[in-house]
Amino acid sequence: MKLEDNKCGNALVIKLVGDRLDAAAAPGFKETVTRRIDDGEDTILLDLSLVDFIDSSGLGALVSVLKRMSPAGKLVVCGLRDAAFNMFRLTRMDKVFPIFPSQAEALTALEA
Amino acid sequence: MKLEDNKCGNALVIKLVGDRLDAAAAPGFKETVTRRIDDGEDTILLDLSLVDFIDSSGLGALVSVLKRMSPAGKLVVCGLRDAAFNMFRLTRMDKVFPIFPSQAEALTALEA
Amino acid sequence: MPNENYIEFRVHAGLEQVRLVGISVRAIAEQFLTVARAQLIELCTVEIATNCVKHAYDGISDGELTVRVVPEGDFFVVEVRDSGKAIPTGTFGDNRSPFDFDPKNTDSLPEGGMGLALVSAMAEQSDYFRDDDENVMRMQFSRTRAVEVTDYF
Amino acid sequence: MPNENYIEFRVHAGLEQVRLVGISVRAIAEQFLTVARAQLIELCTVEIATNCVKHAYDGISDGELTVRVVPEGDFFVVEVRDSGKAIPTGTFGDNRSPFDFDPKNTDSLPEGGMGLALVSAMAEQSDYFRDDDENVMRMQFSRTRAVEVTDYF
Ligand SMILES: Nc1ncnc2c1ncn2[C@@H]1O[C@H](COP(=O)(O)OP(=O)(O)O)[C@@H](O)[C@H]1O
Ligand SMILES: Nc1ncnc2c1ncn2[C@@H]1O[C@H](COP(=O)(O)OP(=O)(O)O)[C@@H](O)[C@H]1O
């Protein structure tokens, strides 16, 4: 899976370019995002608007990178399509990750 | 496959309720439409707007009912979706069957 | 080393199964090719699998059908196998096209015999052969060639 | 008489194949169930097939995976088979849910071990058993029950 980075003010926007965050894609995703966090990024917005399938391996990778953040850091997601949103609700992860409809709304909230 | 009949002036509108006109659906389709023709219908509009797959058996059934019409009769089709339209073009049947975008346009042409 | 990147379907040789395999093959083909090309691949798969049900196994209802999809390399390959009757010699590769009709002459229009002609025209390569006691139809669709429907016939 | 209305997939046990089988199973499920239910069925199929690749065959790369879909009767049944290692006794049917976490406590969140729990929760019935030297996971999804995502957990 390709990831596209984009700095917006303090926030690093990472867009997943690919339609599946599954066992094949999870390791690469986790490695790349972990590297960004270790490089000092502490406000991260994951844009999942192209993703229409997340399995437990993908979700595990999301939890991993969340755990990697410093306590003061912020990691939020946006652009969830139906299948991805259902996966968050199914696993109660919608109570863990702040979820925004779009990049714009997420960025406004992160700046506030 | 279910067929819905509807009389509009002189024309009998037959709508295919089902998404495939294939080897499983073709015999029933052919039998029902043939019966209508034998009952005296001579202006028939086939609405294929729900059909997204036609194979050679389906096409064969369409040709069969066309051949069954009296020389003075008219049989036209409308509502072709991409896959169905491609099938007509691929097999040159677009030169055989008058094709209209919608029921309304077909009916106007049939009345003229 | 055999090519490991394949999906093999095994089903009872019935028309309902042909439909579901066709839908699956299209869904897989859409991962590698355009939607329009994937539709053509579904069509060819259904044509050949329907022939297995109707001709190879005619009447005998306990046959099995195997469809193998190999989405690798330059070609998207679909192989359909049955263990029914062989296609009569000369049927496949017949040069007369059923689509060579006169559109104004209703009597000249084909009511059947179009399936194999469609496959010959749409697959970049198609071969029929016997393998032990099985009939195999192997169709290859180019993954790089962008084909317009109007290119055919 | 065995149920003839099945689709069986045979593939090499690899993650790319799991993806394609998942997509196919969803396309078939959509013929019988709502899009949302079909997505859940794809998810469960992928979870179990991924476990075969990662756990049952760990490292050994020449395994095969069989997924059989039976879209008949009141249940849509998906059966996943491999001939790798058995699931350790007690793993499946474990009652502790990985989703029983405290959302405010990041340390309590699960990074793995969610696959089998998802399947137990989403399938109306799921059973794991050995059949000769194969592992079989059999999942049954009700075709009549209309399930909301919020019904789970
Ligand atoms: N798998 C097969 N086994 C035996 N005969 C076959 C098979 N496939 C095709 N045939 C023969 O070839 C003919 C042409 O097939 P096709 O072009 O698909 O048209 P159709 O099936 O509509 O007749 C069939 O009518 C049949 O006689
Ligand atoms: N097919 C299998 N063969 C052997 N062990 C398995 C199999 N499936 C699951 N397991 C074991 O059960 C555990 C839980 O599986 P699962 O809930 O899917 O989570 P995960 O695969 O993310 O660890 C796995 O970590 C593994 O130890």
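Here is how names work: the chains are called A, B, and so on, in the same order as the sequence lines, proteins then strands, and each is numbered from 1. For clarity, every value in this text was computed on a predicted model and none was experimentally measured.
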Max heavy-atom pairs within cutoff under 4.5 Å with chain C, candidates I7(D), V69(D), L65(D), V67(D), goes to I7(D)
Please report the interatomic distance CZ(R10(C)) to CD(E8(D)), rounded to the nearest 0.5 Å. 6.5 Å
How about E16(D) and N5(C): do any of their side-chain heavy atoms sit closer than 4.5 Å? yes
Can you name the residues of residues 17-29 of chain C that have some heavy atom under 4.5 Å away from a heavy atom in chain D? Q17(C), R19(C), L20(C), V21(C), I23(C), S24(C), A27(C), I28(C)
Does CG in D133(C) sit with more than 12 non-hydrogen atoms of other residues, nucleotides or ligands closer than 6.0 Å? no
Cut-off 4.5 Å, heavy atoms of chain D, and the answer for E64(C) is side chain
